[in-house]
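Every chain is numbered from 1 and lettered A, B, ... according to where its sequence line falls, protein lines coming before strand lines. Given the structure is predicted, the values throughout are model-derived calculations rather than measurements.
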Amino acid sequence: MNNNHSILIVDDELSVRKSLEHWFLEDGFEVATAKDGNEALEQLQDQVFDIYLVDIKMPGMDGITLQKRIMQIDKDAVVIIVTAYASVDTAVEALKNGAFDYVTKPIDPDDMSHMIRNALKQKNLTEENIRLKEKLSELNPKAKIIGESLEMQRVFEMIDQVAEADSNVLIRGESGTGKEVVARAIHTQSPRRYFPIVAVNCGSIPETLLESELFGHEKGAFTGAQYRRKGKLEMADGGTLFLDEIGDISPKMQVDLLRVIESRAFTRLGGNEEIHSDFRLICATHKNLEQLVEEGDFRKDLYYRINVFSIFIPPLRERRADIVPLANHFITKYAQSMAKPERTLAPAAKELLLQHDWPGNVRELENAIERAMVVGKEEEIRLDDLPLQLKQENADPDKLSLESMEKKHIQRVLKEMDGNVTQSAKILGIDRVTLYNKIKKYEIQR
Amino acid sequence: MSVPIYFAAINGYRPEWAGALPTRLEQCLPFPMHRLNVEFDLKLFYAPERNQYHSTLILAQLLKHLPDNGGKIIGITSVDLYIPVLTFVFGESQLGGRGAVISTYRLRSEYYGLPKDNSLLLQRAVKEAMHELGHAFGLIHCPDYECVMNSSTYVEDIDLKQDRFCRECQKALGVQCE
């Protein structure tokens, strides 16, 4: 009756655990039991359950404490407290803490049946709500892209131009500029919007895993492949495949990918069956692909395939008009998620944000605002609420220490030389080893 | 598949209306049906604070009377049954196991203040016995409200369903109801 639903029964009495286990097995549940809170929490390390039936009085951790711990791990958990008449007050406390309901022992079978049915309804509604919210935000992608600068208006125009077409798109820009957000905006304005957009970060996955991630595998294709698994290429059928950090893939993967892009056909690892997938390809990179092609590190034919339409997202330092609107957007976002009142930017803080070069781009700005929302106590976000590093880097040069000056100068030179240590050392008039030592000492990111 | 089924009257509980019960079960469970009389001291399983009898323990006792030939046993009693965490049960079985027990206590119209109706009682007992045997054969509750494997927590639920397995449950059991 309740196929695919799981329940964890936590009760110190064996006879109760057995009776309930039997009752729920007959109802088609996947049932797990635990004799106390610790055993229940151990089981939660492996899986979460659809419903938790928790006895209120147990030796060691009581049901109320366990309920709190469960809800820390699984915030949408449906917890039903089982209690004796004598402890109804405590059960009411459990309800205040977010328990779904409570039931008194011995339980009327009909009450139990209704409660479980309602609990499953609630669980399904919660899950549906989450899914719908995700869908809704996907359908309204422009709400996520903040940009008042002329540069971003140009990006929006390009998104509009290319969305309807089915061409492959290459999105370029430094890390943290929002390449994936732009990819999602293209997808949700395209005719493929009712199918999934499947994102893969090629730079963060080792080559062997990336292969299985993209192409999927058959059962037994390699040690640990216990089941057949669909790859992302297959999952993107009808929709969009977004390959982030495409400049990081190995020469072998470049060949494999080129073949798939040309034929839209592939086989799973360890399989023979040819699988066809109809997807639109959007790639992104922060690397200079032309240079990689020139140096022989990236295939020219693949480069031409993916670079049918190119969108460049300028770094934040080149579109300073977006800094304050973005900061305000993140203030609203974190005020909502942290359930805090909205705050404004104090003039000095605003000035600092506008002066900063934002090497980490929008992501760095978001992190700075999130931090400020966590630590700040006043109505305004003040200079003190912003990260220390930001303040040091933008401090008045006349008041900087010698070390800060040195760090700032090394950073500037490294940035101009695209992180090339040999060339930077030459300009700085020091040898490479000394420069490496200073990079390490000042924790400079290249 | 031919699984002998032992229909056991607990302590000689063989009311006249129940004579047709094993035959009615055979309509959907076409297996050799044997009638048994099992005797044991029910007082051992009596809970005075609840004025009820522990069905799991009765079932365990019943299983001692089951011949070791791969068959299944279903016991019938008139006493009110319970399992510790629930207020009552109409019956209990071992899911995919060797036996089941049912009680007629809460199947009687008199229990609900209505006139005695042995014909209705037989209907209910047939459905309850078939339901518990279905569990013993490994079936779980069925969402089809007319199927005998539909879950029943009220006697009215039992009246709503048919005394037969739905197509899906018949298929799962490998039987055809007449």
Should we count [atom1] of [X] as having more than 12 external heavy atoms under 6.0 Å?
| X | atom1 | answer |
| --- | --- | --- |
| B:Gln176 | CD | no |
| A:Lys123 | NZ | yes |
| B:Asp41 | CG | yes |
| A:Arg69 | CZ | no |
| B:Tyr145 | OH | no |
| B:Arg14 | CZ | yes |
| B:Glu16 | CD | no |
| B:Tyr154 | OH | no |

Point to revise | Close side-chain approach of A:Pro106 and B:Thr87, heavy atoms under 4.5 Å | key: yes

Review point. Who among A:Val103, A:Leu25, A:Asp111, A:Asp11 has the most heavy-atom pairs with chain B under 4.5 Å?
Key: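 Highest number of heavy-atom pairs under 4.5 Å: A:Leu25.
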
Practice item. Decide yes or no on side chain to side chain contact (heavy atoms under 4.5 Å, CB included) for B:Glu132 and A:Glu26, but give the supporting numbers first. Key: CA-CA 10 Å; B:Glu132 296 304 343; A:Glu26 284 186 349; 4.2 Å; yes

To the nearest 0.5 angstrom, please state how far the [atom1] atom of [X] sits from the [atom2] atom of [Y].
| X | Y | atom1 | atom2 | value |
| --- | --- | --- | --- | --- |
| A:Ile107 | B:Phe88 | CD1 | CZ | 13.0 Å |
| B:Ser152 | A:Asp110 | OG | CG | 10.0 Å |
| B:Leu57 | A:Ser15 | CG | OG | 9.5 Å |
| A:Trp23 | B:Ile83 | CH2 | CD1 | 7.5 Å |
| A:Phe24 | B:His141 | CZ | NE2 | 11.5 Å |
| B:Ser151 | A:Met112 | OG | CE | 11.0 Å |

Point to revise | Option that, when pairs with chain A are counted at under 4.5 Å, heavy atom only, ranks first among B:Gly138, B:Gly96, B:Pro84 | key: B:Pro84

Practice item. Identify the heavy atoms of A:Gly28 and B:Ile140 that sit nearest to each other, and give their distance. Key: CA-CD1, 3.4 Å

**Study point:** Which atom of A:His22 lies closest to which atom of B:Gln94, heavy atoms considered
**Key:**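 That would be NE2-CA, 4.1 Å.
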
Review point. Measuring heavy-atom distances to chain B, does A:Ser19 have an atom under 4.5 Å in its side chain, in its backbone, in both, or in neither?
Key: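 For A:Ser19, backbone and side chain are both near chain B.
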
